[in-house]
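All figures in this text were calculated on a predicted structure; none of them were measured in a lab. Along the sequence shown, residues are numbered consecutively beginning with 1. What you see below is based on every heavy atom in this structure, not just the backbone, and it leaves out hydrogens, waters and symmetry mates.
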Amino acid sequence: MALSRLSITALKLDPEALSLALSADIDFERFADFAEPLSQGLDCSIIERQWGADRHQWLLEFEGSQIWLHYEFYGGSCWLATLRPTDFDVLEYLATLLTPYLISEAL
């Protein structure tokens with residue numbers, strides 16, 4: 001599965017921010033190498049890709065719900081977010097799909 005190739009080390013749901021934060025090894029210049037397998041593994045369609053000097057923002061679709069995948073270079077922050085509170089359960093479900101693929105940073 002595509003998710004097994006990702007280096008996700010932590011997940012954190014935030015109901016107030018309507019987000020799911022991901023800690024992962026992400027190269028800004030090769031963001032697609034992270035985002036495409038993530039999207040595929042979560043069975044999301046990629047609707048739109050936006051990027052700037054220090055940020056990537058992709059619009060994904062999962063079973064009728066729009067989910068934003070964000071990555072900010074300077075903070076090394078990556079998260080999935082929805083704009084609609086009624087779609088937070090989708091983020092909760094996606095977190096359950098990612099949980100088995102968490103790797104430990106401890107050696």
Side-chain angles (χ1 to χ4, degrees):
M1 176 177 251
L3 293 174
S4 63
R5 296 183 307 189
L6 303 177
S7 298
I8 299 171
T9 57
L11 298 170
K12 183 179 179 191
L13 282 163
D14 184 343
E16 291 182 20
L18 301 175
S19 68
L20 170 61
L22 310 168
S23 293
D25 183 20
I26 302 170
D27 179 344
F28 182 81
E29 298 298 325
R30 298 173 51 103
F31 180 72
D33 291 347
F34 172 81
E36 289 174 358
L38 177 70
S39 301
Q40 179 185 13
L42 295 175
D43 201 24
C44 292
S45 301
I46 300 168
I47 306 301
E48 182 179 324
R49 300 173 192 221
Q50 300 175 16
W51 61 91
D54 66 345
R55 183 180 175 105
H56 288 277
Q57 182 172 299
W58 290 20
L59 178 60
L60 310 178
E61 188 272 332
F62 178 80
E63 296 185 0
S65 296
Q66 291 188 342
I67 304 295
W68 286 96
L69 172 60
H70 300 272
Y71 179 68
E72 290 183 350
F73 173 72
Y74 292 111
S77 302
C78 184
W79 69 98
L80 294 165
T82 182
L83 299 176
R84 299 183 333 185
T86 55
D87 285 338
F88 185 73
D89 63 331
V90 173
L91 294 179
E92 292 174 318
Y93 176 70
L94 296 178
T96 66
L97 295 180
L98 292 171
T99 299
Y101 298 97
L102 285 171
I103 61 169
S104 174
E105 290 185 292
L107 296 177

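- Here the closest non-hydrogen pair linking Asp54 and Phe28 is C-CE1, 3.5 Å.
- A 4.5 Å side-chain heavy-atom check between Trp58 and Ile46 finds at least one atom pair inside the cut-off.
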TODO: Report the C-alpha separation of Leu11 and Thr99 in whole Å, then their side-chain angles, then the decisive distance to 0.1 Å, and conclude whether the side-chain contact (heavy atoms from CB on, under 4.5 Å) test is met.
DONE: CA-CA 8 Å; Leu11 298 170; Thr99 299; 3.8 Å; yes

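- Other residues, nucleotides and ligands contribute more than 12 heavy atoms inside 6.0 Å of the CG atom of Asp14.
- Asp43 has its side chain out of reach of Leu97: every pair of non-hydrogen atoms, C-beta onward, lies at least 4.5 Å apart.
- Residues Ala35 and Leu69 come closest through the heavy atom pair CB-CD2, 3.6 Å.
- The minimum heavy-atom distance linking Thr82 with Gln66 is given by the pair OG1-O, 3.6 Å.
- In plain terms, the two heavy atoms of Ala10 and Leu102 that are nearest each other are N-CD2, 3.6 Å.
- Of the listed residues (Gln57, His56, Glu36), just one forms a side-chain hydrogen bond (donor to acceptor under 3.5 Å, both in side chains) with Arg49, and that residue is Glu36.
- The structure places CG of Leu59 at 10.0 Å from OG of Ser45, a figure rounded to the nearest 0.5 Å.
- Between Pro37 and Ala32, the shortest heavy-atom contact is CD-O, 3.7 Å.
- In Phe73, the CZ atom is not crowded: 12 or fewer heavy atoms of neighbouring residues, nucleotides or ligands sit closer than 6.0 Å.
- Considering all non-hydrogen atoms of both residues, Phe62 and Cys44 come closest at CB-SG, 3.8 Å.
- The distance from atom CD1 of Ile67 to atom CG of Leu42, rounded to the nearest 0.5 Å, is 10.0 Å.
- Considering CG of Leu91 and OG of Ser19, their distance stands at 7.5 Å, rounded to 0.5 Å.
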- [ ] Could you walk me through whether Asp27 and Phe34 pass the side-chain contact (heavy atoms from CB on, under 4.5 Å) test, one step at a time?
- [x] CA-CA 8 Å; Asp27 179 344; Phe34 172 81; over 6 Å; no

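- Using a 30° and 60° split on the angle between ring planes, Trp79 and His70 fall in the parallel class, below 30°.
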- [ ] Start with the C-alpha gap between Leu83 and Leu18, add the side-chain angles, then the distance that decides, and say whether side-chain contact (heavy atoms from CB on, under 4.5 Å) holds.
- [x] CA-CA 7 Å; Leu83 299 176; Leu18 301 175; 6.0 Å; no

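- The line from CG of Asp25 to SG of Cys78 is 11.5 Å long, rounded to the nearest 0.5 Å.
- The closest side-chain heavy-atom distance from Ser65 to Leu60 is not below 4.5 Å.
- Side-chain atoms of Trp68 and Glu48, non-hydrogen and from C-beta on, do get closer than 4.5 Å to each other.
- Looking only at distances, no side-chain donor or acceptor of Glu92 sits under 3.5 Å from a matching main-chain atom of Leu94.
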Open item on the list: Please determine whether side-chain contact (heavy atoms from CB on, under 4.5 Å) holds for the pair Leu13 and Phe88, giving the CA-CA distance in whole Å, both sets of side-chain angles, and the decisive distance to 0.1 Å.
Closed with: CA-CA 9 Å; Leu13 282 163; Phe88 185 73; 3.9 Å; yes

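- To the nearest 0.5 Å, atoms CD1 (Ile47) and OG (Ser39) are separated by 10.0 Å.
- Although no hydrogens or angles enter the test, the distance criterion places a donor-acceptor pair under 3.5 Å between the side chain of Thr9 and the main chain of Ser23.
- With contacts defined as side-chain heavy-atom distances shorter than 4.5 Å, the pair Leu38/Leu98 qualifies.
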